[in-house]
Amino acid sequence: MDQIRIAGGKTLKGRLPISGAKNAALTLLPAALLTDEPLTLRNLPRLADVDTFGHLLNQFGASTHTQGSRPEDFGRVMTMSANRITSTTAPYDIVRKMRASILVLGPLLAREGVATVSQPGGCAIGNRPIDLHLKGLEALGAEIELTSGYVRARAPSGGLRGGRIIFPVVSVGATENVLMAAVLARGETVIENAAREPEIVDLARCLVAMGAHIEGIGTERLLVEGVDRLHGATYAVMPDRIEAGSYACAAAITGGELLLVGASRELLGSSLPVLEEAGVRFEDQRDGLLVSRPDGLHGVTAQTAPWPGFATDMQAQLMALMTVAEGASVLTETIFENRYMHVPELARMGADITVRGRSAFVRGVPKLTGAPVMATDLRASMSLVIAGLAAEGETIVRRVYHLDRGYERLEEKLQAVGADIERVSGD
Ligand code: UD1
């Protein structure tokens, strides 16, 4: 299995392109099931999960055609055509590889009246239930049965009907699933306490481009007036705010200066003030966001929260940065119960971190040292790369497949700005 080898201590400098957002792509792809006309997505990142989603769509009888498949192409274009759906089952073997597969439930149910999707189960960062997805779809009239590890959902005769959903907690996935179902339901749907993440805004805008009627986009109250059918569209995936934030941490930890091409202060949302407080400087430029760290790094206090709060997907990368900051930091994870898998690995590189309940106390150390490390999820793996870039000596990051799920051509992008990093095969 491939590994990433990093010789730490190089200052990063130069232009680094930001790819299309993974989390937006993975909710825009299932939207193709809502119409019998082609949906073309531009600026799709070249990621393992995007390929897997393409295969999942093929399982339902949808065709997928990709342009820009050459290794040198950033931002692929995929045209999906679900003019005839031949299967409504998402099998275990695909869902277990990619949790986002659950997002086909709403579209299949809305379009075909039935859907059978393997239950995703827990994962390395926590329990990750789907009860809110199911309750939301039930509010639109769906009948749901859980048997043999599968969710079997059926719309009432005449199809889904509008309803009112009040989510007790903010859920990105449940908001996406219910929104995609509601656009084809009969009548009006109100989603209260909806997630407001920029990726949901991206989904809603794409649905509107396909003919959906949605009001309140970007707010916690979405109002949907169902339509009989949607049509095809061409839509560009938004830039990846988490990738941008991750590379901002990489620039800062090495004391470098990176122009994150395609990023902006606005894109980073509330990760930006936290990083600024830590000593990172951001400057909007014509084609991107210039990130530097003119002076030392300082410890911060941050708590993850749904948008517009500090993103749980940035917690591990911020923690890596804080391991070498002056003073102490307190990072609190409120979204997932088990999202500290990177802590023991960072500790092996010399970091001083104590976890108590949902909070991690990080005391900055003067330097990290390279070590062989591995992580069990995507963002945790990136935190180890960030730490490795600053560490003295060599770091080997194992289980590279996590990184391949979420960071397009990571080592190429970092090499181009001066990092000593390469992919090597190993076992
Ligand atoms: C979450 C993150 C998202 C991140 C993604 C991958 C939030 C609000 N969501 O999205 O930013 O990109 O992980 O790391 O930050 N929940 C339930 N029942 C459900 C669904 C969710 O109880 O049916 C709970 C979850 O356990 C969690 C919270 O709601 O505590 C938010 O989960 P949700 O937003 O649905 O997770 P993802 O969509 O995976």
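The chain is numbered in sequence order, starting from 1. In each ligand, atom 1 is the first atom listed, and ligand 1 is the first ligand listed. All values derive from a computational prediction rather than experimental measurement.
Residue-level proximity to ligand 1 for V172 is carried by backbone and side chain together, each with a heavy atom below 4.0 angstrom. Residue contacts with ligand 1 for R99 are absent, since no atom lies close enough (heavy atoms, distance under 4.0 Å).
For R339, the closest heavy-atom approach to ligand 1 falls below 4.0 Å. At a 4.0 Å cut-off, not a single heavy atom of W307 sits close enough to ligand 1 to count as contact.
Considering only non-hydrogen atoms, atom 37 (P) of ligand 1 lies nearest to R128 out of R196, R128, E333. By heavy-atom distance, the residue among V169, D131, I335 lying nearest atom 18 (N) of ligand 1 is D131. When the heavy-atom distances from atom 26 (O) of ligand 1 to A100, A21, P129, P168 are ranked, the shortest goes to P129.
Using a 4.0 Å cut-off between charged side-chain N and carboxylate O, E276 and R281 make no salt bridge. E138 has no carboxylate O lying under 4.0 Å from a charged side-chain N of K135, or vice versa, which leaves the two without a salt bridge.
The only member of R339, Q303, E333 that meets side-chain hydrogen bond (donor to acceptor under 3.5 Å, both in side chains) when paired with Q315 is E333.
Contact between L56 and A90 at its shortest, heavy atoms only, is CD1-CB, 4.0 Å.
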Report the C-alpha separation of D202 and Y235 in whole Å, then their side-chain angles, then the decisive distance to 0.1 Å, and conclude whether the side chain to side chain donor-acceptor pair (under 3.5 Å) test is met. CA-CA 9 Å; D202 220 29; Y235 192 80; 2.7 Å; yes

Do V172 and W307 pass the side chain to side chain contact (heavy atoms under 4.5 Å, CB included) test, and can you show the C-alpha distance, the side-chain angles, and the key distance before you say yes or no? CA-CA 10 Å; V172 173; W307 182 273; over 6 Å; no

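Close approach of ligand 1 to G173 (heavy-atom distance below 4.0 Å) involves ligand atoms 35 (O), 38 (O).
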